[in-house]
Visitor: 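Right, I'll just put the structure down here and ask away after.
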Amino acid sequence: MRYTRAFFPTLREDPAEAKKTPSHRLLLRAGYIRQVGAGIYEFLPLGLRVLRKVESIVREEMDRAGAQEVSLPALLPADLFKETGRWDLFGSTLFRLHDQKKNDYHLGPTHEEVITDLVRSVVKSYRQLPINLYQIQWKYRDEARPRAGLLRCREFLMKDAYSFDADEAGALKSYAAMREAYKAVFRRVGLDYRIVSADSGAMGGSTSAEFQILAETGEDAIVVCSNCDYAANVEAAVARRSETSASAPSGQRHKMVATPDKKTIEEVAAFLKVETRATVKAGAFMFGKGPGDAGALALTFVRGDRRVNEVALARELGANWVRMAEDHELEKAGVVAGYVGPFELPASVSVVLVDGEIAGAQDMVIGANKAGHHVTHASMVVALEKLGARGKACDIRAVGAGDLCASCGAALQEFKGIEGGHIFVLGTHYTKKMNVTFLDEKGTENLIVMGCYGIGVSRLVASAVEQRHDGDGIVWPMSIAPYHVIVTPLAADGPMMEAAEKLYHSLVAMGVEAILDDRDERPGVKFKDADLLGIPLRVTVGKKSLEQGKLELKARNAKDAELIELETAAEQIAARVKAAIAG
RNA sequence: CGGGGAGUAGCACAGCCUGGUAGUGCGCUAGCUUUGGGAGCUAGAAGUCGCGGGUUCAAAUCCCGCUUCCCCGACCA
C-alpha cells in the first residue's frame with residue numbers, strides 16, 4: 001500500500017469522545033475506527049485488516065478443533081426467543097423491531113435458539129453426534145451504557161460456537177477441545193490472559209470458564225493464586241476462611257448496649273472500641289426469579305470488614321436477580337435499618353444467610369434489631385440454632401486481594417480483566433425447552449447436551465491495544481498487525497525513494513504486507529505516523545546509510561534501530577516477519 | 001435507568017455571564033523557504049453555531065421543549 005493512496009485518517013490530537021480508554025483513543029487517532037453512534041463503529045481499512053486477522057486466527061483454530069462454520073442471520077423472527085422465554089427475559093437489552101406486517105423481530109444478541117432450531121431440524125440419531133457449529137457474526141445488544149470504544153459496543157463481532165453431544169461426558173469432551181482451541185487463539189493474538197472459573201449464571205450451566213485479558217481498563221475483577229493455578233472471577237471466587245479474632249467464646253454473657261446514631265460498622269466498632277472484624281455486617285437484599293417478580297427479602301450477615309458477593313448470593317438463593325433492599329422494604333418487614341441482627345427477627349423474615357467465615361464465631365458485635373442498640377459478645381452459633389430452618393451458613397462474602405487461596409493457602413492477587421472469551425457447558429437447558437432429542441443405540445429418545453463458546457472478536461482487537469501501546473501509539477504483535485512493515489524513505493524522490501520503491505516491491509513479492517510511505521512529508525511526520533499506526537517493523541531509507549549500502553531496520557517495540565544490508569534487506573525482513581508470526 | 005458534563009469549520013477549543021459583522025490553533029489548498037522525530041512565512045477555502053419553538057428591532061449568546069454524545073453509578077445471556 002502506497003501511503004499517498006491509503007485511507008489512513010490519523011488525528012494529531014486526541015478525540016474529545018475518547019480521552020479515557022487507551023484502545024479507544026488510539027484506534028480513533030490512528031485511523032482504525034470511527035464512531036457513528038454510541039457503541040457503533042465503522043472499521044476503516046486499517047481496523048478492518050486487524051479485525052480480519054483476528055477473525056482468521058479464530059477461524060483456523062475452530063476449524064482445527066473440528067468445528068464447522070455457518071452463518072446465522074443477525075435479523076431474527078421473535079418466535080424462537082419466545083419459545084425459550086428469552087423474548088421477555090432479555091428485557092431492554094434486546095434490539096426489537098417489527099416488519100410491515102407488524103410481526104415481532106429482533107437483532108441477535110446471541111444465537112443459542114437459532115442454532116438449536118437448526119440442529120433440531122436435522123439431527124435425529126446418535127450417529128449424527130457430536131456436532132460443533134460456529135459462526136463469526138455481528139451481534140446486537142442495546143447496552144444501557146456503551147463505553148470504552150470497542151470494549152463495550154452495541155454492535156460487535158463475535159465468534160460463537162455451539163456443541164451438541166449425546167451425553168454429558170461428550171459435552172465435557174467438546175468443552176475441553178474448545179478450551180484448547182481458545183488457548184491457541186489467545187496465544188496467537190498475543191494476549192496476556194488468565195483462564196478463570198466463572199459464575200455460570202442462572203442459565204443452567206454447570207461448567208464454565210472465562211478467558212480474561214489482563215488490562216487496567218477491564219470491567220471484571222479476577223483473583224489469581226500466587227502459588228497454584230487457581231484463578232477465578234471474583235463473582236465466583238472462593239477463599240480459605242480466615243481466622244476471626246472473636247471466634248472463641250469470650251465467657252461473657254451477651255449484652256444489649258446502646259449505640260445511638262452509630263449505624264455503620266466503622267462507627268459502631270469505634271464506639272465500642274473493637275476491631276471491625278469482630279463485628280457482623282448485616283445486609284438486606286430483595287431477590288426473585290422473573291424480571292417482573294415482586295421479590296422476597298433475604299438478610300445476610302458477613303464479617304464487619306467484608307462485603308457481600310451478590311453473584312454468590314444469587315447462586316445461594318437460586319435467584320435470577322438480587323438487589324439491595326430499600327429502607328421502606330425493611331420497614332415493611334419490621335426490620336430496623338442500621339441495627340439489623342440475627343436474633344429476635346420478625347417472622348416475616350424467612351431467609352437469613354450467614355457467611356461461613358463467621359458461622360462459628362462466638363464473640364461478635366451484632367445489631368440488636370432495636371433502633372440505637374447493638375449486642376456484644378453474641379454467638380453466631382446460637383443465632384443459627386435459633387433461626388432453625390430460616391437460617392443457613394454459606395459462603396457469600398466477596399473475595400479479593402490478600403485473601404488466601406482455598407486450595408493451597410497462598411495469597412490471592414487481584415487483577416482487572418477484559419472478558420475475551422467464555423466457554424460453557426449448557427447441558428440440556430435449551431434442548432429441553434425446545435424439545436431437541438435424538439434416538440440412541442437402543443432406540444430411546446434423549447435430550448441433546450449442549451455447550452456454547454464465545455469470543456469477542458472486535459473486543460480482542462481493542463484488548464490487544466490495551467496491552468500493547470506506549471506514549472507514541474499502538475504496538476501491534478506481528479500476528480494481527482494491519483501491515484508487517486512500513487518502508488520510510490526520507491525523500492519523496494531521488495535515490496532514497498528509488499531504493500525504497502525497490503525494497504517495497506521485493507517485500508510485496510515475498511508476501512510481506514508492506515506500506516510505502518511515499519508522502520512528501522518531513523521525516524518527523526512519517527516517524528510519528530508509523531509509531532501511531534503501530535506497524536511492527538519500520539525500514540528507514542536515509543541518505544547516510546544508503547550511501548553505505550545499508551538500511552535502518554527498527555522494530556516498533558525496540559528502542560534502537562539496526563543497520564541491515566540493502567542487498568539482502570528484503571529476505572531478512574521477510575524471514576523476520578515469518579518468524580514473528582510463528583511466535 | 002439514576003446523577004453529572006458537553007454539542008460552534010475535518011479535529012481540538014474560545015466566544016455565551018453582559019444579545020449587535022462567527023473566532024483561535026491544528027489540518028486542508030496555492031506559493032516560497034525548509035528537510036533524521038508532528039517546520040516557517042505569505043495568501044486562501046471552509047461553519048444550517050445539535051434540532052424545534054419562544055422573547056427581542058436583533059439570538060451562538062436569554063427562556064422552554066426535544067435530541068445526540070461523553071463521564072460516574074446501576075445493569076451487562
Side-chain angles (χ1 to χ4, degrees), chain A residues 9-21 24-25 28-29 31 34-41 81 84-94 106 108-113 139-149 151-154 156 158 160 162 198-205 208 210 218-220 233 235 291 310-311 314 320-324 326 418-419 422 424 426 429-430 450 452-454 456 459 471-473 488-494 496 517 519-533 538 540-546 552 554 561:
Chain A
T10 58
L11 304 171
R12 288 206 178 198
E13 290 176 89
D14 287 340
E17 68 201 36
K19 302 253 186 236
K20 195 101 183 162
T21 311
H24 189 199
R25 181 169 55 82
L28 283 167
R29 261 199 72 195
R34 280 289 170 97
Q35 179 166 3
V36 177
I40 308 171
Y41 289 86
F81 260 49
T84 58
R86 289 214 287 184
W87 181 256
D88 295 319
L89 211 59
F90 244 96
S92 55
T93 317
L94 198 62
H106 67 96
T110 175
H111 285 77
E112 281 82 3
E113 283 84 349
K139 306 279 180 169
Y140 298 86
R141 291 181 198 178
D142 191 0
E143 294 285 351
R145 184 151 94 85
R147 72 192 92 167
L151 290 175
R152 179 164 293 280
C153 285
R154 295 197 290 179
F156 56 97
M158 182 166 166
D160 47 324
Y162 306 90
D199 182 70
S200 301
M203 297 313 283
S208 91
E210 291 169 347
E219 293 184 291
D220 292 330
N233 190 306
E235 291 181 346
E310 292 191 23
V311 177
N320 280 331
W321 59 265
V322 165
R323 63 166 171 81
M324 279 172 77
E326 295 177 25
I418 299 165
E419 184 184 348
H422 201 158
F424 273 88
L426 285 174
H429 183 82
Y430 290 94
M450 281 179 72
C452 77
Y453 319 92
R459 184 180 269 185
D472 292 316
T488 308
L490 296 187
D493 50 28
M496 283 182 273
D517 194 347
R519 294 177 298 171
D520 185 14
E521 286 287 356
R522 298 163 62 86
V525 173
K526 295 187 176 190
F527 294 152
K528 286 286 184 191
D529 273 332
D531 287 349
L532 181 60
L533 261 48
R538 187 184 77 207
T540 306
V541 186
K543 197 174 171 203
K544 274 187 197 162
S545 49
L546 188 61
E552 287 168 45
K554 183 181 172 301

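Each chain gets a letter, A, B and so on, in the order its sequence line appears, and its residues count up from 1.
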Visitor: Both Gly37(A) and Asp531(A) contact RNA chain B. Taking the nearest nucleotide for each, which residue is further toward the 5' end?
Guide: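 The residue closer to the strand's 5' end, by nearest nucleotide, is Asp531(A).
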Visitor: Contact class for Asp14(A) (heavy atom, under 4.0 Å): base, sugar-phosphate, or nothing?
Guide: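 Sugar-phosphate, backbone atoms only, no base.
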Visitor: Report which part of the nucleic acid Pro15(A) touches: base, sugar-phosphate, or nothing (heavy-atom distance under 4.0 Å, all strands).
Guide: sugar-phosphate
Visitor: Which of these nucleotides, G37(B), A77(B), G36(B), is closest to any side-chain atom of Thr540(A)?
Guide: G36(B)
Visitor: CZ of Arg141(A) to CZ of Phe156(A): how many Å apart, nearest 0.5 Å?
Guide: 4.0 Å
Visitor: Using a distance-only criterion (donor-acceptor N/O pair, under 3.5 Å, no hydrogens), is the base of G37(B) paired with the side chain of Arg538(A)?
Guide: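 Yes.
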Visitor: Counting only N and O atoms by type, is there a donor-acceptor contact under 3.5 Å from the side chain of Lys526(A) to the main-chain atoms of Asp517(A)?
Guide: yes
Visitor: Taking the P atom of each, how far is G4(B) from C64(B), in whole Å?
Guide: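 So the two P atoms sit 16 Å from each other.
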Visitor: Side chain of Phe90(A) only, heavy atoms from C-beta on: which candidate in A12(B), A77(B), C70(B) is closest?
Guide: A77(B)
Visitor: Any N or O donor-acceptor pair linking the side chain of Arg147(A) to the base of C71(B) at under 3.5 Å?
Guide: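 No such pair is found, so the answer is no.
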Visitor: Which part of the nucleic acid does Glu552(A) contact within heavy-atom distance under 4.0 Å: base, sugar-phosphate only, or nothing?
Guide: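 It contacts base atoms.
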Visitor: Among G36(B), A77(B), C70(B), find the nucleotide with the atom closest to the side chain of Met158(A).
Guide: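 Selected nucleotide (nearest to the side chain): A77(B).
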Visitor: Determine the Euclidean distance between corresponding P atoms of U24(B) and A14(B); express it in Å to zero decimal places.
Guide: 16 Å
Visitor: Using both distances under 3.5 Å as the test, list the Watson-Crick or G-U wobble partner of U61(B), or none.
Guide: none
Visitor: Does Arg141(A) contact A77(B) through a side-chain donor or acceptor facing the base, at a distance under 3.5 Å?
Guide: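 Counting by modelled atom types and ignoring angles, a donor-acceptor contact under 3.5 Å is found here.
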Visitor: Considering only the P atoms, how many Å lie between A6(B) and G50(B), rounded to the nearest integer?
Guide: 13 Å
Visitor: Is Arg29(A) touching bases, backbone alone, or none of the nucleic acid, heavy atoms closer than 4.0 Å?
Guide: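 Base contact.
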Visitor: Using atom C1' in both nucleotides, what's the gap between A60(B) and G23(B) to the nearest angstrom?
Guide: 12 Å
Visitor: Just to confirm, is there a sub-4.0 Å distance from OP1 or OP2 of C72(B) to any side-chain nitrogen or oxygen of Arg145(A)?
Guide: yes
Visitor: Roughly how many Å apart are A30(B) and C13(B), using the C1' atom of each and rounding to a whole number?
Guide: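 Roughly 27 Å separates the two C1' atoms.
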Visitor: Would you mind telling me which of A12(B), A77(B), U34(B) lies closest to the side-chain atoms of Arg522(A)?
Guide: U34(B)
Visitor: For nucleotides C28(B) and C66(B), find the distance between their C1' atoms and express it as a whole number of Å.
Guide: 35 Å
Visitor: So what does Glu112(A) hit on the nucleic acid, given a heavy-atom distance under 4.0 Å: a base, only sugar-phosphate, or nothing?
Guide: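 It contacts nothing in the nucleic acid.
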Visitor: Measure from the side chain of Glu13(A), starting at C-beta and using heavy atoms only, and say which of C11(B), C70(B), A77(B) lies closest.
Guide: C11(B)
Visitor: Expressed as a whole number of angstroms, how long is the span from Leu11(A):CG to G27(B):C1'?
Guide: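 Answer to the nearest Å: 10 Å.
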Visitor: With the side chain of Phe527(A) defined as its heavy atoms from C-beta on, choose the nearest nucleotide among G38(B), G37(B), C76(B).
Guide: G37(B)
Visitor: Using heavy-atom distances to pick each residue's nearest nucleotide on RNA chain B, tell me which of Arg154(A) and Val322(A) is more 5'.
Guide: Arg154(A)
Visitor: Among G37(B), C69(B), A12(B), which is the nearest nucleotide to the side chain of Ala16(A)?
Guide: A12(B)
Visitor: Do side-chain atoms of Arg538(A) reach the backbone of Thr488(A) as a donor and acceptor pair under 3.5 angstrom?
Guide: no
Visitor: Given side chains that start at C-beta, do those of Leu533(A) and Thr10(A) come closer than 4.5 Å, heavy atoms only?
Guide: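 Side chain of Leu533(A) against side chain of Thr10(A), heavy atoms only: contact under 4.5 Å found.
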Visitor: Give the rounded distance in Å between these two atoms: CD of Glu143(A) and P of C72(B).
Guide: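 Between P of C72(B) and CD of Glu143(A): 15 Å.
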Visitor: Taking the same atom, P, in C70(B) and in C11(B), what whole-Å distance lies between them?
Guide: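 My reading of the P atoms in C70(B) and C11(B) gives 15 Å.
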Visitor: Using only side-chain N and O atoms of Arg12(A), determine if any of them is under 4.0 Å from OP1 or OP2 of C26(B).
Guide: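 The answer is no; no side-chain N or O of Arg12(A) sits under 4.0 Å from OP1 or OP2.
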Visitor: I want to check something: taking the side chain as every heavy atom from C-beta on, are Leu490(A) and Lys543(A) in contact at a cut-off of under 4.5 Å?
Guide: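 No; the side chains remain at least 4.5 Å from each other.
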Visitor: If you measure from the P atom in U21(B) to the same atom in A39(B), how many Å do you get, rounded?
Guide: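 Approximately 37 Å lies between the P atom of U21(B) and that of A39(B).
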Visitor: Taking donor-acceptor contacts at under 3.5 Å, does the side chain of Asp472(A) reach the base of G37(B)?
Guide: no
Visitor: Heavy atoms under 4.0 Å, any strand shown: does Ala144(A) hit a base, just sugar-phosphate, or nothing?
Guide: base
Visitor: Please determine, for the side chain of Lys20(A), which listed nucleotide (C71(B), C70(B), C13(B)) has the closest atom?
Guide: C71(B)
Visitor: Restricting to non-hydrogen atoms, name the atom on Lys554(A) and the atom on Ala561(A) that form the minimum distance, rounded to 0.1 Å.
Guide: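 Of all heavy-atom pairs spanning Lys554(A) and Ala561(A), the closest is CB-CB, 3.8 Å.
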Visitor: Establish, yes or no, whether a centroid distance under 6.0 Å links the rings of Phe90(A) and Phe81(A).
Guide: yes
